[in-house]
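Have a look at the structure below before the remarks.
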Amino acid sequence: MPDLATPLNAWYRSTARDLPWRRPGFGAWGTLVSEFMLQQTPVNRVVPHLEAWLERWPTPAALADAPPAAAVAQWANLGYPRRALWLHRAAIEICDRHGGVVPREVDALLALTGIGDYTARAVAVFAYGDRHPVVDTNTRRVIARAVDARSQPGPAAKGDLAAMEALLPRADAEAATFNAAAMELGATVCTARSPRCDSCPIAHACAWRAAGYPDTGDSRRRQARYEGSDRQARGAVLKALREGAGHELPAKLVAADWADPRQRDRAVDSLIVDGLVEATDGMLRLPR
DNA sequence: AAGGCGTGGAA
DNA sequence: TTTCCAAGCCT
């Protein structure tokens with residue numbers, strides 16, 4: 001396997017996007033919040049919400065002191081609102097277990113609510129500069145192509161970490177840059193559709209290119225249709241509560257115009273199970 | 001371990 | 001219009 005880090009890191013240093021969480025001294029809390037928001041939400045939509053969030057809650061303690069309803073409401077339309085609830089819980093856990101300081105150890109990060117293999121290592125690497133493999137969907141696609149000569153990655157697997165570890169430079173700082181560079185390449189050049197191989201800094205070393213760009217199939221999961229789904233109904237219920245005064249409304253008025261009333265009720269019930277909604281004597285509200 | 005979970009922009 | 005896709009996590 002040829003060295004990918006030297007050309008990729010050089011490319012990153014000259015062309016990487018200027019993003020808030022890449023500013024020097026951005027801080028571990030900012031990094032943690034950004035990573036929560038970036039879980040399945042595009043970069044461009046995250047940036048303004050991240051800045052507003054950190055202005056309101058500049059520390060884990062500040063968020064931990066707020067009611068969960070405030071976090072869910074501030075999350076606005078970023079999607080997957082359970083992440084707001086999980087981030088709020090993580091802030092409480094950081095205060096309870098770590099004195100209000102975002103932990104540095106991967107195991108401690110993994111033990112926080114809403115943090116998995118990706119986010120734990122992203123914080124340890126990008127906030128603290130430690131040496132770990134950081135593997136997201138971009139990195140998996142870059143490795144699938146450059147190393148495994150496949151057109152698309154398989155489903156996320158534990159072995160992904162070892163595959164990235166094998167490519168990682170020895171020095172901490174170079175390893176951190178390589179982690180970020182692999183993600184950046186996947187996000188801007190080695191994209192899922194229509195990759196820009198002409199502009200790729202590691203095209204000369206790419207196994208997929210050497211093999212003639214074979215279509216090796218696509219094992220990714222298909223997302224269920226959103227229009228008319230329970231998920232869309234949940235979204236409508238939560239949107240109403242977010243925008244209601246005091247994040248509270250008479251149950252009968254919440255998404256009252258939803259076409260299928262039984263689906264609406266099902267959505268409310270599932271939101272209550274998830275802790276995103278509370279019900280008391282005819283009222284629905286975001287969790288206090 | 002396969003499926004559920006929001007939202008909006010691009011192709 | 002429909003489908004795809006986006007710095008995943010949890011159960």
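Each chain gets a letter, A, B and so on, in the order its sequence line appears, and its residues count up from 1.
Identified under the salt bridge (charged side-chain N to carboxylate O under 4.0 Å, His left out) test for residues 113-125 of chain A, with sequence neighbours left out: Asp117(A)-Arg121(A), Asp117(A)-Lys158(A). Applying the side chain to side chain donor-acceptor pair (under 3.5 Å) test to residues at least two apart or on different chains, the pairs with a partner in residues 53-72 of chain A are Arg56(A)-Gln74(A). Residues in residues 90-102 of chain A take part in these salt bridge (charged side-chain N to carboxylate O under 4.0 Å, His left out) pairs, two or more places apart or across chains: Glu93(A)-Arg97(A). Sorted by first then second residue, the salt bridge (charged side-chain N to carboxylate O under 4.0 Å, His left out) pairs that include residues 232-244 of chain A, not counting sequence neighbours, are Arg234(A)-Asp274(A), Lys239(A)-Glu243(A). For residues 251-262 of chain A, every residue pair satisfying the side chain to side chain donor-acceptor pair (under 3.5 Å) rule, not counting sequence neighbours, is listed here: Trp258(A)-Gln263(A). The salt bridge (charged side-chain N to carboxylate O under 4.0 Å, His left out) pairs that include a residue from residues 14-41 of chain A are Arg17(A)-Glu184(A), Arg22(A)-Glu184(A), where partners are two or more places apart or lie in different chains.
A distance of about 15 Å separates the P atoms of dG6(B) and dT11(C), rounded to the whole Å. Spacing of P atoms, dA2(B) relative to dA7(C), comes out at 24 Å, to the nearest Å.
The ring-ring contact (aromatic ring centres under 6.0 Å, His included) search around Tyr213(A) returns Trp208(A), not counting sequence neighbours. Evaluation of the salt bridge (Lys or Arg N to Asp or Glu O under 4.0 Å) rule for Arg131(A) yields Glu165(A) as partners, not counting sequence neighbours. Looking at residues two or more places apart in sequence or on another chain, you find a salt bridge (Lys or Arg N to Asp or Glu O under 4.0 Å) between Arg13(A) and Glu174(A).
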Under a 4.0 Å heavy-atom criterion, the protein footprint on nucleotides 4-11 of chain C, written with B, S and -, is BBBBBBS-
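Contact check of residues 225-254 of chain A against DNA chain B (heavy atom, cut-off under 4.0 Å) returns Tyr226(A), Arg231(A), Arg234(A), Gly235(A), Arg242(A). Applying a 4.0 Å cut-off to non-hydrogen atoms, none of the residues of residues 257-272 of chain A approaches DNA chain B.
To the nearest 0.5 Å, the span separating CE on Met164(A) from CD1 on Ile143(A) amounts to 5.5 Å.
Between Asn44(A) and dG9(B) there is no side-chain N or O to OP1 or OP2 distance below 4.0 Å.
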